[in-house]
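Chain naming here is simple, since letters A, B, ... match the order of the sequence lines and numbering starts at 1 in each. No hydrogens, no waters, no symmetry mates; every other heavy atom, side chains included, goes into these values.
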Number of protein chains: 4
Amino acid sequence: MPKIVDHDQYRRELLNQCFDLFAEQGYAALTMRQIAQALGVSTGTLYHYFSSKEDLFEQLVADMVEQDIYSFAAELEKLPTFGERLEAAFGFLERNEARCRQQTLISIEFYQQQGADKVQQNAALKQVSDHVEQALVDVLKLEDRRLIRLLMCFVDGLLMHRMFEGEAVSMTEQLALMRHVITTYLDHQQVRSQGDVG
Amino acid sequence: MPKIVDHDQYRRELLNQCFDLFAEQGYAALTMRQIAQALGVSTGTLYHYFSSKEDLFEQLVADMVEQDIYSFAAELEKLPTFGERLEAAFGFLERNEARCRQQTLISIEFYQQQGADKVQQNAALKQVSDHVEQALVDVLKLEDRRLIRLLMCFVDGLLMHRMFEGEAVSMTEQLALMRHVITTYLDHQQVRSQGDVG
Amino acid sequence: MPKIVDHDQYRRELLNQCFDLFAEQGYAALTMRQIAQALGVSTGTLYHYFSSKEDLFEQLVADMVEQDIYSFAAELEKLPTFGERLEAAFGFLERNEARCRQQTLISIEFYQQQGADKVQQNAALKQVSDHVEQALVDVLKLEDRRLIRLLMCFVDGLLMHRMFEGEAVSMTEQLALMRHVITTYLDHQQVRSQGDVG
Amino acid sequence: MPKIVDHDQYRRELLNQCFDLFAEQGYAALTMRQIAQALGVSTGTLYHYFSSKEDLFEQLVADMVEQDIYSFAAELEKLPTFGERLEAAFGFLERNEARCRQQTLISIEFYQQQGADKVQQNAALKQVSDHVEQALVDVLKLEDRRLIRLLMCFVDGLLMHRMFEGEAVSMTEQLALMRHVITTYLDHQQVRSQGDVG
DNA sequence: GATGAATGAGGATTCATTCAT
DNA sequence: AATGAATGAATCCTCATTCAT
């Protein structure tokens, strides 16, 4: 194998370690020296692997897409009912709240950093979103993509409110309520469909 | 005699004009010189009214609380059914999407700027949230605060996804779906309640 | 009397009140706003009486010359021996150490502010010095101006060391020693002179 | 491998070159840009070696302590009489007047910059003083520390007067006179002691 | 590849001074 | 005369980036 593999692998390792830093400090407030120090390398080394701070950050976001934090998928697929699958998914979310918040924050940082227009052209965030959407379709076995999207919006909004207001917003309560609302809606749909059929 | 200036009023005027700037550029990327230039004053004047960039920003957020963008309340209260009231509220949201996005962005900026701990202690954002919550309770005539909170999370999440993905996420579609989901849920609740009663 | 008298008198009053401020903070560290605030006037008023900060400071130094802090002279003249007169003069110095230090500090500030060349051309500090020298000649009834100058140097040096080292340098002890040294010297001179005569 | 630079040595070199600047301009009037320019480096480099302007200045003063400008000591010790030793010491002073003035000025600047309380706690200036005092005790072979202190006060005062009044105060004359006064005093002391003994 | 010293444009902030009232 | 709001040049300091070693 050529050296390129090592190079690329090391680059990803560095990116991984940067993740928390950007989430905690924000793009602008985080300096290259801070990053270098936290990673235990010199700024020179940083510039050996990334052409600029912006490049480093963009690669970080791009990398985020590929990180399959939805590796929990397998567990869910065995569950028989939609209700159970949603419950498991929400349970995962609750257990990984910190990480999910970070992703949300970094996405927003990216948005601010790039400027609205660029972001929407840049495929990165769109990809993250689509990726997650597809994962949910597969895992929840719910075909209605509008509903998937609704869930995603709600979840991201909930994470945001949790940042601002902390425990004043109950994760457990809100997730339980949403499950109730959604299942009620789906049941009703089914009933109506059956009624239509009948 | 000094130049006659209503100090406090002028300060608010300056704050108002800053709002867009912070939402567009973000706290860190926006310089005091840029602000001064955009407002048509000197940096010295800025420091005459605000003791620091941070102070300016904090006042901006504090001011945001008091701005009653939910002045649309009056119109809604006359509407007879919950479905109509929710539709009207969502209509307002759609028409004022830009402004609402800005508020969301600035809140997040504030979160990053202040650090998680401070933010949750700081009354400001909590107030915004409570204020909006109460307004929705009054206007929608919906007593279940958990549901109100759910709606708020969803709406903020939707705004966020709209930022990242633009028109790829349909505001109209999502809002309509949510209305459907919620009314279905409420109807079902009522039915069940009546069933309980009967 | 024309208004000029009032104007001039007020100007002097302002100068007087500035004295401590400059001694405590130093020229550069003291701002016009601070001065204005301390004097209970506006910066505008300050500029009505003084054309600039530099001008204010120069006038302050010039004024210092004319302030006869050596008004103690009268008391001394009645004392019969040189030793007693010197003792009284040093006693005055000890009681007014704070004020004397301030004068010294302000002189040095002036020196730094003006630049070495200007200072020596500027009559101000030279005048203070000559003024004091003459006062001492008259009061101590000691004709030898070289000795007067030596005393002045010593006293200023002592004040300086007291600033830096505080009570680690004893004012009382040093002044007493100098009195002893000087009177010994003068006595010896006299003896020798008499010996020459005889 | 990094550029090979002896950090500490270079830092001292920079400090050395700063000395004159601070003495000439004073702490407040001297800007970091001016310093950088004078030293032929960038402001960034300055901040690489010193954490702030204040730190730079404090290190300068601390460094001043260790600079043994009293390296002339060896020459003096061979001289047989106190009179000759004092003459040689004053001769050295006269030849190094410029440097000595600078030290005095910088000490005063330090005093103003730090505020009276801090200065007296700060060991730096006290050390300079003690260091010089001990050197004089050793070199002049004069045990009476009060007299050493008196000489130091006089010398510093003389330097100060020379700054303000330039050649109007004669260095040579004043130093000669002080020598005369002191030797007369010491001779008299001896005579009296012998008288006591006899 | 790796280092960290060096750079200098650019940031927040201060402050002497002006001037409309 | 008196005020204090307004100005903007100049200050200290930071930080992305370069480059000699």
Side-chain angles (χ1 to χ4, degrees), chain A residues 3 6-7 10 27-37 40-57, chain B residues 1-7 10-11 28-37 39-56, chain C residues 3 6-7 10 27-37 40-57, chain D residues 1-7 10-11 28-37 39-56:
Chain A
K3 270 194 177 178
D6 282 338
H7 181 97
Y10 191 44
Y27 178 84
L30 186 61
T31 75
M32 288 298 264
R33 257 206 273 284
Q34 277 177 303
I35 298 171
Q37 201 154 20
V41 299
S42 66
T43 56
T45 298
L46 236 42
Y47 278 90
H48 186 70
Y49 288 96
F50 309 98
S51 67
S52 68
K53 188 184 175 186
E54 201 177 349
D55 175 48
L56 163 53
F57 186 52
Chain B
M1 263 175 280
K3 260 182 213 176
I4 292 167
V5 173
D6 185 330
H7 190 97
Y10 191 44
R11 210 201 69 231
L30 187 60
T31 75
M32 288 299 265
R33 264 205 268 278
Q34 278 178 307
I35 297 172
Q37 202 153 19
L39 305 204
V41 298
S42 65
T43 58
T45 297
L46 238 39
Y47 280 91
H48 186 69
Y49 288 95
F50 309 98
S51 65
S52 66
K53 187 184 177 185
E54 199 177 349
D55 175 49
L56 164 52
Chain C
K3 269 194 176 176
D6 283 337
H7 183 98
Y10 191 44
Y27 178 85
L30 186 62
T31 75
M32 288 298 265
R33 257 207 272 282
Q34 277 177 303
I35 297 172
Q37 200 153 20
V41 300
S42 66
T43 57
T45 299
L46 236 40
Y47 278 90
H48 186 70
Y49 288 96
F50 309 98
S51 66
S52 69
K53 189 185 176 187
E54 201 177 351
D55 176 48
L56 164 53
F57 186 51
Chain D
M1 264 172 279
K3 261 184 214 176
I4 292 168
V5 173
D6 184 331
H7 190 96
Y10 191 44
R11 211 201 70 231
L30 186 62
T31 74
M32 288 300 264
R33 263 207 269 279
Q34 278 177 307
I35 297 172
Q37 201 153 18
L39 306 204
V41 300
S42 65
T43 57
T45 298
L46 238 38
Y47 281 92
H48 186 69
Y49 288 95
F50 309 99
S51 65
S52 68
K53 188 185 176 185
E54 199 177 349
D55 175 49
L56 163 52

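When each of E:dA2, F:dC12, E:dA6 is scored by its nearest atom to the side-chain atoms of A:Y10, the top-ranked nucleotide is E:dA2. Closest approach to the A:V41 side chain among E:dT17, E:dG11, E:dT3 is made by E:dT3 (side chain taken as heavy atoms from C-beta onward). Among F:dA16, E:dA12, E:dA2, the nucleotide with an atom closest to any side-chain atom of A:H48 is E:dA2. Comparing atom distances between the A:R33 side chain and each of F:dC12, E:dA6, E:dA2 picks out E:dA6 as nearest.
In this structure, CG in B:L46 is found 10.5 Å from OG in B:S52, a value given to the nearest 0.5 Å. Note: B:R33 CZ to B:Q37 CD = 9.5 Å, rounded to the nearest 0.5 Å. Here the straight-line distance linking atom CG of D:D55 with atom OH of D:Y47 works out to 10.0 Å at 0.5 Å rounding. With rounding to the nearest 0.5 Å, the separation of CD in A:E54 from OH in A:Y27 is 5.0 Å.
In this structure, the CD1 atom of B:I35 is 12 Å from the C1' atom of E:dG11, given to the nearest Å. The nearest whole Å value for the distance from the OH atom in D:Y47 to the P atom in E:dT7 is 15 Å. Distance CE (B:M32) to C1' (E:dG10): 15 Å, rounded to an integer number of Å. At whole-Å resolution of the value, NZ in A:K53 and P in E:dA9 are 20 Å apart. Rounded to whole Å, atom P of E:dG11 lies 11 Å from atom CD of B:Q37. The distance between atom CG of A:L46 and atom C1' of E:dG1, rounded to the nearest whole Å, is 14 Å. Remark: P of F:dT21 and CG of D:D6 are 16 Å apart, rounded to the nearest angstrom. Rounded to a whole Å, the CZ atom of A:F50 is 13 Å from the P atom of E:dG1.
Take the nearest nucleotide of DNA chain F for B:G40 and for D:T31: the residue whose nucleotide is more 5' is B:G40. Positionally, the nearest nucleotide of DNA chain F for D:A29 lies more toward the 5' end than for the other of D:S51 and D:A29.
A heavy-atom distance below 4.5 Å is not found between the side chains of C:F57 and C:L30. Residues D:M32 and D:L56 are in side-chain contact: their nearest non-hydrogen atoms beyond the backbone lie under 4.5 Å apart. In this structure, D:I35 and D:F50 have side chains that are not in contact, with every pair of non-hydrogen atoms separated by 4.5 Å or more.
At a threshold of 4.0 angstrom between heavy atoms, the contacts of D:T43 include nucleobase atoms, whether or not backbone atoms are also involved. C:L30 comes within contact range of the sugar-phosphate backbone alone, with a heavy-atom separation under 4.0 Å but no base atom that close.
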For Watson-Crick and G-U wobble pairs within 3.5 Å on both distances, what is DNA chain F written in dot-bracket notation, | included for inter-strand pairing?
.||||||||||||||||||||
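Residues satisfying the side-chain hydrogen bond (donor to acceptor under 3.5 Å, both in side chains) criterion with B:T45, sequence neighbours excluded, are B:S42.
For the OP1/OP2 pair of F:dT3 and a distance below 4.0 Å, the side-chain nitrogens and oxygens of C:T45 include at least one atom meeting the criterion. OP1 or OP2 of E:dA2 lies within a sub-4.0 Å distance of a side-chain N or O belonging to A:Y49. The shortest distance between the side-chain N/O atoms of A:H7 and the OP1/OP2 oxygens of E:dG1 is below 4.0 Å.
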